[in-house]
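Since the structure comes first, as structure tokens, the remarks are kept for the end.
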Amino acid sequence: MARWVNRPEGSNWGEFGEDDQNGRLNLITADKIRQAATEIKTGERFCLSLPLDLPGGNLLNAGRFPPDIRPTLRKGKPNASYILSEDFPQHTDVISDDAVLIHMQYSSQWDGLSHVGHEFDADGDGIPEPLYYNGFKAGEHIRGPEDEGGMYAHALGIEKMAEKGVQGRGVMIDLEARYGRDPVAVGYDDLMTVLEADDVLVEEGDMVCLHTGFAEMIVEMAGHPDKERLHNSCATLNGRDKKLLNWITDSGLSVLVADNYAVETYPAHKGDGCCAALPLHEHCLFKLGIHLGELWHLTPLNNWLKQNGRSRFFLTAPPLRLPGAVGSPASGVATV
Ligand code: UVW
């Protein structure tokens with residue numbers, strides 16, 4: 001049975017296939033990769049991940065904490081610089097082995113398509129149901145702790161993204177150069193001004209990166225962030241601007257990445273009537289299958305591109321191939 005008879009206005013559900021779980025990643029074709037590879041000119045590389053223990057503390061999001069690293073156990077003892085000769089005198093090995101409790105969206109990350117869904121009446125019975133991209137259902141496909149088998153994304157898990165081998169042509173848009181570190185909500189007109197002034201062109205399949213300076217500010221705060229600055233600094237996209245959302249649709253961009261907390265302004269500006277708390281997340285993750293990258297460290301790459309009169313680069317950024325997870329740390333690499 002089809003999962004939906006009505007799809008949300010402005011969505012592309014079904015256009016990449018009835019059971020598609022990859023969304024706009026489908027636009028990164030083999031031709032697009034060959035085109036992206038022409039952006040490799042010097043071979044220099046940039047790590048686009050923050051150290052995953054930044055921002056530090058839990059002031060940015062109270063439910064997300066830094067990674068907790070522990071040793072595994074060997075013969076009931078911590079497997080940390082374990083002297084094997086204590087068990088086997090003939091061996092000289094020293095062994096460390098660890099386990100980590102990691103909050104997937106704590107630091108540099110990918111939002112999977114199972115990260116944010118919406119209540120929408122897709123079966124036409126007049127009652128909205130909680131759904132994700134392409135009509136996959138909360139409880140049945142994307143399960144929580146109370147559902148059979150426990151929390152697990154049986155559809156739209158982040159492993160689907162990893163299996164695509166995430167690479168493509170990155171395009172940098174430098175918002176910090178125009179707005180500094182002021183907490184500006186950037187709308188369509190503002191974005192077009194920046195694209196025109198900096199001669200930046202976004203084409204179908206491009207992986208768009210927004211540089212705001214936020215992650216660099218986190219690096220500067222060195223693990224002891226100031227709450228006021230965390231919540232009131234740097235540019236964000238105004239998810240309530242319909243023209244901006246239409247541009248995201250029309251541009252054909254494949255993924256949308258930022259070095260700020262949520263790509264969009266959060267909390268979002270007040271909307272009309274009933275609406276999403278995170279309208280750009282709704283538009284990208286739920287309606288169009290556009291993965292969002294957040295808290296990437298883009299400043300060193302952005303500076304290099306500026307100095308070299310460029311905005312494009314080759315980007316490699318798979319998430320963890322962790323079945324059932326809704327997001328993942330992201331350790332992107334840009335090659336220029
Ligand atoms: C927010 O929590 C605001 O966004 P995300 O879950 O995408 O980090």
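All ligand and atom numbering here is 1-based and tracks the order in the structure. What's counted below: heavy atoms across the whole structure, side chains too, no hydrogens, waters or symmetry copies.
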**Q.** Nearest neighbour in protein (non-hydrogen) for atom 7 (O) of ligand 1
**A.** H281 NE2, 2.6 Å
Q: Please determine if R321 and E163 form a salt bridge, counting it only when a charged side-chain N lies under 4.0 Å from a carboxylate O.
A: yes
**Q.** For A262, the ligand 1 atoms whose distance to one of its heavy atoms is below 4.0 Å
**A.** 3 (C), 4 (O)
Q) What atoms in ligand 1 come closer than 4.0 Å to a heavy atom of H115? A) 5 (P), 6 (O), 7 (O)
Q.
Does the residue M104 have a heavy-atom contact with ligand 1, meaning some pair of atoms that are separated by less than 4.0 Å?
A. no
Q.
Does the plane of the ring in F286 sit parallel, tilted or perpendicular to the ring in H118? Use 30° and 60° as the thresholds.
A. tilted
Q. Can you list the ligand 1 atoms lying under 4.0 Å from a non-hydrogen atom of D111?
A. 7 (O)
Q) Using 4.0 Å as the upper bound for N to carboxylate O, is an ion pair formed by D97 and R74? A) no
Q | Check: D206 side chain, V202 main-chain N or O, donor-acceptor pair, under 3.5 Å | A | no
**Q.** For atom 1 (C) of ligand 1, the protein heavy atom that lies nearest, with its residue and separation
**A.** Y261 OH, 3.8 Å
Q: Consider ligand 1: state whether an atom of it lies below 4.0 angstrom from any non-hydrogen atom of E294.
A: yes
**Q.** N-O pairing of R3 and D123 below 4.0 Å
**A.** no
Q. Hey, what's the ring geometry for H281 with H115, parallel, tilted or perpendicular (30° and 60° as the breaks)?
A. tilted
